[in-house]
Amino acid sequence: MTTLAQENYNSESYKVVLGDIESTTFAKDSTANALVIYEQGKSHVDNNDYDLRTEAKFKIKILNSEGFDNANVEIHLYNNKSKSEKIKDIIATTYNKNGNEVTTTKLEEKNIFREKYDENHTLVKFTLPNIKEGSVITYSYKIISPFVSSYKGWEFQGDIPKLYSEYNASIPGNWLFHTRLVGGKKLTTNTSVIKKECLQMRNGASADCSESVYAMKNVPAFIEEDYMTTKRNYLARIEYDLETFRDTDGTVINYTKSWKDVDREFRTDKEIGKQLKKTIKTEDLLSSAIINDADQLNKAESIYNYVQDNYTWNGDYKIYRNVSVKDLLKNKSGNVSSINILLHNLLRESGIDVKPVLLSTRNNGFPTTIFPAIFEYNYLIVQATINDKQYLLDATDSYLNFGDLPYRCLNQIGRLLDFKNGSAWIDINPRTHSNVFYQTNLKFDENDLLVGSIKTKRTGYHALYKKKEYYSNEDEYINTLENKFPYIDISNFEVTSDGVESKDFKESYAIEYNFDDVGDNVYLNPFFVTFFKENPFKLQERSYPIDFGYSDSYFYMFNIELNDHYSIVEIPKEQKIALPNNTGQLVFSSKQIGNSINFLLKIDFKTPIYDVDYYPYLKAFMSKIVEIQNNTVILLKKTI
């Protein structure tokens, strides 16, 4: 008889009780390696020095050895040239039970370490001592920050589940913040009261404070999975963005500006604004054939290709610093903004209507749309309008086609900077559907060898990826292809598309299939190529959208002709599955025509982003794809 351990966690306070230590499981998430039992944060502005003071407390259960990493704590402190955040009163304790006795081990001051993380951050690190399976750890600290305008936010969700997470914020009326609850999860506590004269000012004035309590219970762990943007888009948390500050003398400072204000600042900015206005002599850089081309679209494509071929991206994004077209022309290498501003200026000087577009990349998170938050943008591209059609351009990747964007840019929206008519939001969508085609033809020759050919074609992003693989190292590409299929010999490999600038990538090669026979039976799996080796969707539940970035389709056609030595015993049954609302489909058909067999597998994802409600359907959809690819068998019988 098996008895489940009773769970008796104290999620109502920071105090460690016997139930915290003796509980050994977490039934709501059997995969959890650790569990936050209780955590609390409190922030307020100090009456004496007007610094922002934040106290944080954490109580965590270590369920097994894989949860030991949760005993490693890192705290980032911000600093600039004149001010810096400080930390004090770090207290950390490990609780264990040995027999009937509860022991405690405290963190010693000598085991707290500080190191420089980057030019604006110091990292404070420590590890809780004497960690074992079943340990309960607690730690707390206080942060003193002179940056009241950067009011501390709070994450209610993390990499491990949480039973209770609470944040208390006391904000004086002098500061007006936009308060944002991110992640889509509901608060179990959301209260706010006004405390009169909570902050006494130096000139005798006082301020009332808004004192808020936010809490969530039973918050699941956030588990990252394929096909998502940064988890910062979806983590349940609260954030503060300073809108205005009212000084005691009545002076009001606006931190959150209108887009009209932002447009004006960009236009006059010494970095981007200055660079966008730079005049470039096209005759110094472009050939006369390009300059004199009367076809505007052809001219724009030629200018785009010129920038791609002659200037190399150094890997830096940078919008607001170190943007210099002059340095780019000199060094032939530069950051994203420098390269795309050069493209912008060359197109403008050539009479083409262009505007810059600000982006936040997929790894950087979604930009705020309710007010300008310029610090959230980390990328700049160009919009060109030619013959009343808009093209989004990025010249940092020499393999990209005109009008396509790198995958990192596919983050739904961007801000078009129009200094005459005002900026506006635009959709950032791939301009075309991406496809993969495979056509396989096989036959038994006079020696009963199974021989034939494979032809492939890729378009859109699938072509981009293959072009990068092949043209960056052709020999390695072919070797990888030859080693990919252990039971197939490949020969006569050829790329049949028209070079790097081609909009597609086509290849062909001859194959010999070394099949296994069992007695008079021959078993063949027609899927030499698998589009998905395994199901990427493994979670029981997913709380964020499935973001492929672009829509795409996969086609696999297979034909085999038998000679007089073989007959068909069995072929797979046809299958068809559709995703809800006609957003995707899977078609697998098999036909016998005389002594030949034809297969078709078609997989179609009709939208780049699927809402979380589609997750169970996509999970089953992918599972069926993998099953068809791995388990499809043709059974043949020798007749001679």
Side-chain angles (χ1 to χ4, degrees), residues 43 52 54 76-85 117-122 143 145-155 169 171 175-183 229-235 237-245 253-276 315-324 335-338 340-341 356-381 408-409 411-417 419 422-426 428:
S43 295
L52 177 63
T54 300
H76 288 258
L77 301 178
Y78 179 76
N79 60 81
N80 59 28
K81 294 180 179 179
S82 59
K83 302 177 185 177
S84 61
E85 292 183 328
Y117 181 75
D118 58 32
E119 60 181 348
N120 291 118
H121 292 89
T122 298
I143 293 178
S145 172
F147 310 108
V148 180
S149 59
S150 299
Y151 203 89
K152 295 291 182 183
W154 186 258
E155 291 188 355
I171 302 178
W175 287 270
L176 178 61
F177 289 90
H178 286 288
T179 304
R180 291 187 288 156
L181 182 63
V182 183
T229 53
T230 176
K231 71 178 183 179
R232 290 290 297 170
N233 287 331
Y234 311 112
L235 275 178
R237 67 189 189 278
I238 196 162
E239 290 188 344
Y240 297 90
D241 301 292
L242 184 59
E243 183 177 357
T244 61
F245 172 72
I253 303 173
N254 292 312
Y255 288 88
T256 299
K257 300 177 174 63
S258 68
W259 274 110
K260 186 176 181 180
D261 295 328
V262 171
D263 293 344
R264 184 173 58 253
E265 289 181 7
F266 268 118
R267 188 168 60 247
T268 58
D269 179 72
K270 65 179 181 180
E271 290 281 353
I272 290 184
K274 180 180 178 181
Q275 298 299 315
L276 287 167
D316 288 339
Y317 290 179
K318 288 193 176 72
I319 290 182
Y320 310 110
R321 291 185 298 120
N322 303 325
V323 180
S324 173
N335 55 38
V336 166
S337 296
S338 298
N340 285 333
I341 289 176
V357 179
L358 296 180
L359 293 181
S360 175
T361 56
R362 291 174 69 89
N363 288 335
N364 194 56
F366 297 140
T368 303
T369 56
I370 56 175
F371 60 88
I374 298 303
F375 60 88
E376 294 180 341
Y377 297 88
N378 67 329
Y379 209 90
L380 183 144
I381 61 171
R408 58 182 171 266
C409 293
N411 203 27
Q412 302 186 27
I413 58 173
R415 191 74 184 184
L416 178 73
L417 298 181
F419 297 136
S423 61
W425 293 109
I426 62 170
I428 305 296

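In what follows, residues are counted from 1 in the order of the sequence shown.
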Scanning both residues in full, the closest heavy-atom pair of V148 with F177 reads O-CZ, 3.6 Å
For K274, does the NZ atom sit with more than 12 other heavy atoms under 6.0 Å from it, leaving out its own atoms?
-> no
Checking salt bridge (charged side-chain N to carboxylate O under 4.0 Å, His left out) for the pair R232/E239: CA distance, chi angles, key distance, verdict?
-> CA-CA 11 Å; R232 290 290 297 170; E239 290 188 344; 2.9 Å; yes
Ion pair K260/D263, N-O distance below 4.0 Å | no
Would you say the side-chain atoms of N233 pair up with the backbone N or O of G365, donor to acceptor, closer than 3.5 Å?
-> no
Closest heavy-atom contact between S258 and P372?
-> C-CG, 3.7 Å
Nearest heavy-atom approach of T54 to K152 is OG1-CG, 3.3 Å
Of L380, I341, V336, which is the lone residue that meets side-chain contact (heavy atoms from CB on, under 4.5 Å) with V323?
-> I341
Has the side chain of R237 got a donor or acceptor atom that lies under 3.5 Å from a matching backbone atom of L235?
-> yes
Taking atom types as modelled, is there a side-chain donor on R415 or S423 under 3.5 Å from an acceptor on the other?
-> yes
Y117 atom OH, neighbour heavy-atom count above 12 within 6.0 Å = no
Is there a side-chain contact between F366 and Y234 (heavy atoms, below 4.5 Å)?
-> yes
Under 3.5 Å donor-acceptor, N378 side chain and T361 backbone | yes
Quick check: does any side chain N or O of N335 sit under 3.5 Å from a backbone N or O of G315, one acting as donor and the other as acceptor?
-> no
So, the side chain of S338 versus the backbone of S324: is there a donor-acceptor pair under 3.5 Å, distance only?
-> yes
Is it true that a side-chain atom of N363 and a backbone atom of R408 form a donor plus acceptor pair closer than 3.5 Å?
-> no
Where do I319 and S337 come nearest, in terms of heavy atoms and distance?
-> CA-OG, 3.5 Å
Closest heavy-atom contact between I428 and C409?
-> CG2-O, 3.5 Å
Just by distance, do the side chain of N120 and the backbone of N80 share a donor-acceptor pair under 3.5 Å?
-> no
Does the Y78 side chain pair with the main chain of S145, one donor and one acceptor, at a distance under 3.5 Å?
-> no
Is there a donor-acceptor pair closer than 3.5 Å between any side-chain N or O of E376 and the backbone N or O of T368?
-> yes
Should the pair F371 and H178 be assigned to parallel (<30°), tilted (30 to 60°) or perpendicular (>60°) ring geometry?
-> parallel
In a check of side-chain contact (heavy atoms from CB on, under 4.5 Å) between F266 and each of L276, I272, D261, which one passes?
-> I272
Can you name the closest pair of heavy atoms from A169 and Y240 and give their distance?
-> CB-OH, 3.4 Å
